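None of these values were measured; they are calculated from a predicted model.
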Amino acid sequence: MPQPTEGAGAKDMTEESKRAEARQWVGLAVLVLPCVLASMDLSVMFVTLPSLTADLQPSSSELLWIMDAYGFLLAGLLITMGTLGDRFGRRRVLLTGAAAFGLASALAAYASSPEILIAARALMGIAGATLAPSTLSLIRNMFHDDRQRATAVGVWTAGFAGGAVVGPIIGGLLLEHFWWGSVFLINVPVMILLLVLGPLLLPEYRDPKPGRFDLLGALLSLVAVLAVIYGVKMTAEHGFGWTPAACIVAGLVVGALFIRRQRTTVNPMIDLAMFRTRRFNVPLLIDALATFAMIGFSLFNWQFMQLVLGMSPFESALWSLPTFLVMPVGIALATAMAPRIGKPNVMTAGLLVAAAGYIALSLIRTDSGIVYLVSALTVVSIGIGGVSAVVTEVILSAAPPERAGAASALAETSAEFGGALGIAVLGSIGTAVYRSQMESQAPAGLSPHELAAAEETLGGAVDTAAALPHHAAQALRSVAFDAFTHEMRIAAVVSVVLTAGGAILIATMLRAARNQPGPATSPTTAPGQTTQHGGHDQADEPPVPTPMS
C-alpha cells in the first residue's frame, strides 16, 4: 500500500474537502479506546493492591515493581515509539502495540507469582508506550481542518484524562464480583476491537524518507528518562538521598549525550529545530507545569478524602467523578473560543481559572467537607482540561507532519516529567511542613515509637490513633489533621504560583512568537505542498502564520 505524504496536492483542495467526515469521527472513537485503557492501568492498581497482595504475597520490593514497572517503561519508551511510528507506519505500530498490550494484559490477569506479574506489567508498559503517540499523531493525519482537529484533540485529551479517573471506579466494581485479574482482563476485548476496526477506519502514514533508525539514540533516551523519573520518585517516597540524587544526575548526563547525538547524527530521532521556536517549546513547558500542579496536588486530595473524611477508596473515587465529568466542559469552551480570541488567550484564561481553583484549595480547613473540596477541584479541572486540549493541538500543529509521532511523544513525555516532579516536589514540601507541625504540636503521652509513626505520615498517625484510648486518639487525629490541611494549603499556594506564572509566560512569550518564523519545512515535502497551521495554508498568505492564531 503506498504511503501518502500528508498535504500533497493541498493547493487543489477546498476547505470543504479537507473537513473530516463520519469515517474519521468513528475512527477517532476507535483511537480513544486504547488511550482510556492505557491511562486507566496507571490508576487501577490503587484499588487492586489489597486483594492482589493477599493472593500473590509479594515482598515489599516486588510490590514496588508491580506498581512501577508499567509507568516507568511507558514513560521511558514514548519518544522511541513515537519515532518508530513516524518511520515504519503509525497505524502499524499502533496495532502491533495493541496486540502486545492485549497479550500482556491476559498474562497479568492470570499471573501466578509476583515475578510473572512484574514481567507482564513491564510488557504492558512497553506496549502502552505505542498507544499515546500513535493515536495522537494519527489524529494529525485524519483531521486537516484546524477546528475539527482541535475538537478531536479535545476528545482524545478527555479520554486520556478520564481513564485515570474511572480506573479506580471500574476496578472497584470488578473486584466486588470477580478476582483481581479481571481489572487486566477487560483490556483484551477492547484491543481485539481495535485490531478489527483499525485497518478499516484508520489511515496509514509514515515519513516517506525516514532514514536509518537510531538504535543508540533510542537506548540513550530510554536510560535518561528512566533514571530521572526513578530518582524523582525515590526522592518523593523516601526524601533526599545520595542514591536518588545520583540517578537524577546520571539521567541528566545521559540526556545531554542524547541531545548531542541528535545534533550530530544523520538520522536523528528528534528534530531539534522544533525547539528553536517558542510555538513548540513554550507549550511543552506549559504542559509540564499544568501536569505538575494537577498530579502533584492529587497526592493531597485523595488522602484528605480517605484519611481526614474517612471515605473508602471506592467512595472517594465516586466523589472524584465530577472533576472528570466537567473536563469536557472546559475542553469544549476552549475549543470554541480558540478561533475567536486566539489560542494564547484561551490557554492563559484556562490557567487563570485553574489558579482560582487552587486559591480556593489554599483556604481549605479540616472541617471544610467534601463538597468544598470537590467544588474547588472541579474549577481546577475545567481550567486544566481546556489548557491541555489546546496546548496539545498547538504542539501537533507546530511540528512538521512527518514528525507528528515524535512531537506527540515529546508532549506525553513532558507531561510524565511534570507529573513525576509534581509528586516529588509538592510531596517533599508537604512532608516537611507536616513533620514540622507535628513535632511542635504532637500531644503528650505518646511513646517514642508512636510519636515517630505519627510524625512520619498522616496514615501513620491515623493507624497509631486507632490503637490509643479514645481521648488520646481524638487529640492525635486532631493535631495530625490540622498539620495535613496546613501542608495541603501550602501545596495549593505553590500550584497557584505555577499556574499563574504559566499564564504570564503564555501571555508574554507566545504573543512574541507570532513574529517568529514557522518551523522548517521538511525536505520530504513535495513542491506546492502546504502545511496547515491555525486554519490557514502557509502558501496562501504572505505573513508566516502561527498555530496560535
Can you see which heavy atom on Gly181 is nearest to which on Ala109, and at what distance?
O-CB, 3.2 Å

Separation between CG of Leu220 and CZ of Arg260, rounded to the nearest 0.5 Å:
11.5 Å

Side-chain touch Phe178/Leu185, heavy atoms, less than 4.5 angstrom:
no

Within the structure provided, determine whether Asn301 and Ser298 are in side-chain contact (heavy-atom separation under 4.5 Å).
yes

Roughly how far, to the nearest 0.5 Å, is CZ of Arg261 from CG of Leu216?
4.0 Å

Under the criterion side chain to side chain contact (heavy atoms under 4.5 Å, CB included), which of Leu201, Leu31, Leu200, Leu197 is the partner of Val26?
Leu201

Do you know which two heavy atoms are closest between Ala111 and Leu56, and how far apart they sit?
O-CD2, 3.8 Å

Return yes if some donor-acceptor pair links the side-chain N/O of Trp319 with the main-chain N/O of Met311 below 3.5 Å, else return no.
no

Considering non-hydrogen atoms only, spot the tightest contact between Gly102 and Val188 and give its length.
O-CG2, 3.5 Å

Going by heavy atoms in the side chains, are Thr130 and Thr96 under 4.5 Å from each other?
no

What heavy-atom pair brings Leu252 and Val228 nearest, and what distance separates the two atoms?
N-CG2, 3.9 Å

Where do Ala290 and Ile384 come nearest, in terms of heavy atoms and distance?
CB-CD1, 3.9 Å

Just so I know, are the side chains of Leu131 and Met81 near enough to count as touching, which here means a heavy-atom distance under 4.5 Å?
no

About how many Å separate CZ of Phe184 and CG of Leu107, when rounded to the nearest 0.5 Å?
10.5 Å

Does some side-chain heavy atom of Phe292 sit less than 4.5 Å from a side-chain heavy atom of Leu426?
yes

Working to the nearest 0.5 angstrom, can you tell me the gap between Leu377 CG and Ile382 CD1?
11.5 Å

Test log, rule side chain to side chain contact (heavy atoms under 4.5 Å, CB included), inputs Arg90 and Leu94:
CA-CA 6 Å; Arg90 293 165 187 169; Leu94 172 63; over 6 Å; no

Just so I know, are the side chains of Ser105 and Met124 near enough to count as touching, which here means a heavy-atom distance under 4.5 Å?
yes

Measure the shortest side-chain to side-chain distance between Met142 and Leu202 over non-hydrogen atoms and say whether it is less than 4.5 angstrom.
yes

I need the Leu257 CG to Leu219 CG distance, nearest 0.5 Å.
12.5 Å

Looking at residues at least two apart in the chain, or sitting in another chain, which of them share a ring-ring contact (aromatic ring centres under 6.0 Å, His included) with Phe300?
Phe297

Any Val190 side-chain heavy atom under 4.5 Å of Leu193 side chain:
no

Heavy-atom closest pair (Thr135 atom, Pro34 atom, distance to 0.1 Å) is CG2-CG, 4.2 Å

Mind checking side chain to side chain contact (heavy atoms under 4.5 Å, CB included) for Thr291 and listing every partner two or more places apart, or none if nothing turns up?
Asp287, Ile295, Ala415

Looking at CD1 of Ile116 and OG of Ser113, how far apart are the two atoms once the value is rounded to the nearest 0.5 Å?
3.5 Å

